[in-house]
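Quick caveat: nothing in here was measured; it's all calculated off a predicted structure. Just so you know, these numbers use all the heavy atoms, side chains as well, and skip hydrogens, waters and symmetry mates.
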Amino acid sequence: TQCWAKIRERLMAVARRFRSVQLTQQLATELIPLTDRASTLFMADPPYPLDAIRSKSRLYSRSMTISEHEDLLQHLVRIKGKALVWG
């Protein structure tokens, strides 16, 4: 019950934090140079490379080549901020 007692203040803290969050869906290699700051957190969720997918069905509306994954990585290792890459 102690957890539930603080739920309202925790949700309000999350709401305050998300007021300054910007969500976008565009090529990371275009977005990173425009928005990179020391306080920026990039969350990248690139599609798996095609040769890593065993499924016959299409999982993504857009795929990325190994070269595009390497390009994304090169951008992310040079940022001023932080990055969280899903995979």
Could you give the distance from [atom1] ([X]) to [atom2] ([Y]), rounded to the nearest 0.5 Å?
X: Thr40; Y: Ile32; atom1: OG1; atom2: CD1; answer: 10.5 Å
X: Thr65; Y: Asp71; atom1: OG1; atom2: CG; answer: 9.0 Å
X: Arg78; Y: Leu73; atom1: CZ; atom2: CG; answer: 9.5 Å

Thr35 (side chain) donor-acceptor with Leu31 (main chain) under 3.5 angstrom: yes

On a heavy-atom basis, which atom in [X] and which in [Y] lie closest, and how many Å separate them?
X: Pro33; Y: Ala28; result: CD-O, 4.4 Å
X: Glu68; Y: Met64; result: OE1-CA, 3.1 Å
X: Leu76; Y: Ile79; result: O-CG1, 3.1 Å
X: Gln74; Y: Val77; result: O-CG2, 3.4 Å
X: His69; Y: Pro46; result: NE2-CB, 3.9 Å

Verdict with reasoning, Val14 to Arg10, per side chain to side chain contact (heavy atoms under 4.5 Å, CB included): CA-CA 6 Å; Val14 170; Arg10 289 179 178 172; 5.8 Å; no

Is any side-chain heavy atom of Arg17 less than 4.5 Å from a side-chain heavy atom of Val21? yes

Val85 with Met43, same ILVMFWY side-chain cluster at under 4.5 Å: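 The answer is no; the residues belong to distinct hydrophobic clusters.
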
